[in-house]
Every structure is written in structure tokens, then in C-alpha cells.
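Below is one structure, written out as C-alpha cells, with a few remarks after it.
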Protein chains: 2
Amino acid sequence: MTLEKTLKPTESELEILQVLWQHGPSTVRFVHEELSKNKEVGYTTTLKLMQIMADKQMLDVDKSSRSHIYYAALEEEKTQQQLLGRFLDAAFRGSASKLVMQALGNSNTSKAELDEIRNLLDKLEGGSK
Amino acid sequence: MTLEKTLKPTESELEILQVLWQHGPSTVRFVHEELSKNKEVGYTTTLKLMQIMADKQMLDVDKSSRSHIYYAALEEEKTQQQLLGRFLDAAFRGSASKLVMQALGNSNTSKAELDEIRNLLDKLEGGSK
DNA sequence: TTCCTTTTACGAAATCATTCGTATATACTT
DNA sequence: AAGTATATACGAATGATTTCGTAAAAGGAA
């Protein structure tokens, strides 16, 4: 088992990770253009951030071609799980059901997704005896 | 309708809000002692933070007695809702069902709470037609 | 080759959050 | 009253995050 350092991506870092998770390995240029869809940001800012993230081992880099290719080094689900745990404590004092209720109440979730959640509930209640 | 500035409490600020939400209006001393249960922190640090929060109108202060009494000026649910919205976008790219599934999967939620969630699901599916 | 564009490298500034030392005021204790 | 404890006020240091200017390197176009 490898040393699982529990890195905490900052908000900006998370934005970059999201691009890489969604689109796969990318150049700085591509990531920068994605980020630019949502906010004003300078190219070298994005570059610097990604370099820092590579330093922290959040990203891997392939430097074989001129435009370096960056890879997310953190797994999406594992990272989300960690963030969620922290958020749950910080914002909801650990009450998962409160969080879930609010999340469901305030978002347009499709019937299919609701059914998926219901299935999970069935499994959970079944197992919890 | 009053100007609803959408303040974003920082992590430390949120810790203080949690104490006030949970215990009601409190002195700096009390809040500080609550925080100290979880982490090392200096008294003047807590004081300063609460003063800053009062500046930002996150807290109201009653200065009539020597030990000032601080009140949460933000509603718990409304604040949680805002934080949740942001978190959902930042960490789950807006997918509430993914968040909910992960939250349920990884926390020990009681049968009673699961049933409560199920009821909400029923209401949602009913209404969404 | 020369010029223009794109990329990375580097370093530092700007911003924001957190922490705390010190001073001063107020109340309590003896 | 004198001394001690506890409170707020103030200002500044620290630290982390974010931003970006400038330069150097690499590649492509004329």
C-alpha cells in the first residue's frame, strides 16, 4: 500500500482537477481555456498553479513534448470523499442526513437518479439489520 | 426585502458560527472554550476573529455588559444551503445525486434518518411527475 | 535566417486568513 | 486601595493562496 498523503486541494486547484477529471490529460493551454469560460484569469497564473500542483504531486507531468501534458494524480472519487467528509463536519456538524436532505431538496434531480438513491437506501437499510 | 449579501464564512469563521448556532448567543470566552476542545488556539485569536466577523456583519454584538455577547447574524440553514451549493459545484461539478450517494454510502446514518430521506424521495418523485 | 508566436521558468507582488503580543480598561479579591 | 484576573482594542507578524510581469527557450512562418 502506498503512502496515501491526504492532500487538500484549494479551491483553484480543485477547479483544475475538475478539468482534468472531466477531459483527461491536458495541456496548460487547454485547462486555461476551460477555466476562462468561468472566470477571468491569466495564462501564467494557470501555468504557475499547475506547476505548484505538480510539485505537490497532485499532478503528473509528461514533459516529452514542448507543450507539457498534465495528468490528475488524485483519484476523483477518493478526493471527493475526503472533501465531503471535511465539508460534512464543517458545515453540517457531521449530520449526513441533514446534508442529504438539503441537497435533494434544493436541486433538480432526475427521476432516474432519485431511483438510484432509493436503491442505495434499500441496500443500506437491509444491511443495517 | 433586505439586501442579502452572500457572505462566505472561512473555515475558522464557520467553526465559530457552529458554536453559536449550536449553543446560542455566547461570550468570546465560551466560544473559545468550545473551540479549544478541538484544537489549540489563543484567546485573543478567537476574540479577533469574532470582532472581524462582527465587522463583516456575520455576528451581532451586545456590548452592554463587560463581557460582550455575540449572536450569529446568519441563519444556519440558509448558510448551509449556500455553502452546499458552492461545494456541490466545486467538488461534484453540480451532480447532487453523486454527492448524496457518496454521503450516504460513507456515513453511518440511522434507520430513522434513512426513512426520513425516503419520505423526501417519495415527495420529490410524486411532485416531479 | 529573421520575425512572430507560444511555451515554460522564475521571482516577486498582492491578497487574504490566521495568529498573537502588548496595551489598556474593567471588575473582582483581599 | 492595591493587587490580581479577565475583558476588549489595536496593530502587526506570519503564512498560505493567488496573481502576474518579465525573461528565456522552443517552434513555426515568411
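Within every chain, numbering begins at 1; the chains are lettered A, B, ... in the order of the sequence lines, protein sequences first and strands thereafter.
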Just how far, in rounded Å, is P of dG15(D) from CG of L49(B)? 17 Å
Whole angstrom is fine here: how far is it from CG in L59(B) over to P in dT8(D)? 13 Å
Any chance you could lay out the salt bridge (Lys or Arg N to Asp or Glu O under 4.0 Å) test for R86(A) and E11(B), step after step, and finish with the verdict? CA-CA 10 Å; R86(A) 274 192 268 256; E11(B) 217 165 295; over 6 Å; no
With S12(A) as partner, the option from T10(A), L14(A), I16(A) fulfilling side-chain contact (heavy atoms from CB on, under 4.5 Å) is T10(A)
Interatomic distance, E15(A) CD vs dT18(D) C1' [rounded to whole Å]: 11 Å
N/O donor-acceptor pairs under 3.5 Å from side chains in residues 36-50 of chain A, not counting sequence neighbours:
from: S36(A); atom 1: OG; to: H32(A); atom 2: O; distance (Å): 2.7
from: K37(A); atom 1: NZ; to: E34(A); atom 2: OE2; distance (Å): 2.9
from: K39(A); atom 1: NZ; to: E15(A); atom 2: OE1; distance (Å): 3.0

If you go through the side-chain atoms of K48(A), does one of them form a donor-acceptor pair with the base of dG11(C) closer than 3.5 Å? yes
Determine: side-chain N/O of T10(A) to OP1/OP2 of dT17(D), distance under 4.0 Å, yes or no. no
Contact list (N/O, under 3.5 angstrom) for nucleotides 6-9 of chain C vs protein:
from: dT6(C); atom 1: O2; to: R66(A); atom 2: NH1; distance (Å): 2.7
from: dT6(C); atom 1: O2; to: R66(A); atom 2: NH2; distance (Å): 2.8
from: dT7(C); atom 1: OP2; to: R29(A); atom 2: NE; distance (Å): 2.7
from: dT7(C); atom 1: OP2; to: R29(A); atom 2: NH2; distance (Å): 2.5
from: dT7(C); atom 1: O4'; to: R66(A); atom 2: NH1; distance (Å): 3.3
from: dT8(C); atom 1: OP1; to: H68(A); atom 2: N; distance (Å): 2.9
from: dT8(C); atom 1: OP2; to: Y43(A); atom 2: OH; distance (Å): 2.9
from: dA9(C); atom 1: OP2; to: Q51(A); atom 2: NE2; distance (Å): 3.0

Nearest whole Å is fine: how far is dC20(D) P from M50(A) CE? 17 Å
Salt-bridge test for K111(A) and D115(A): reply yes if a basic N is under 4.0 Å from a carboxylate O, no otherwise. yes
Nearest-angstrom distance from the residue atom CD1 of I52(B) to P of dA12(D): 15 Å
Nucleotide dA17(C), atom P - distance to CG of D55(B) in whole Å: 13 Å
Ignoring hydrogens and geometry, is there a side-chain-to-backbone donor-acceptor pair from Q18(B) to A91(A) under 3.5 Å? yes
Just N and O in the side chain of S12(A): are any of them under 4.0 Å from OP1 or OP2 of dT17(D)? no
E33(B) CD - dA7(D) P separation (whole Å): 9 Å
Rounding to an integer number of Å, can you tell me how far H32(A) NE2 sits from dT18(D) C1'? 13 Å
I'd like to know whether T79(B) forms a side chain to side chain donor-acceptor pair (under 3.5 Å) with Q82(B), so could you lay out the CA-CA distance, the side-chain angles of the two residues, the decisive distance to 0.1 Å, and finally the verdict. CA-CA 5 Å; T79(B) 305; Q82(B) 280 179 5; 5.7 Å; no
Per atom distances to the E11(A) side chain, the nearest of dC20(C), dT18(C), dT18(D) is dT18(D)
Residues, nucleotides or ligands: over 12 heavy atoms within 6.0 Å of E77(B) CD: no
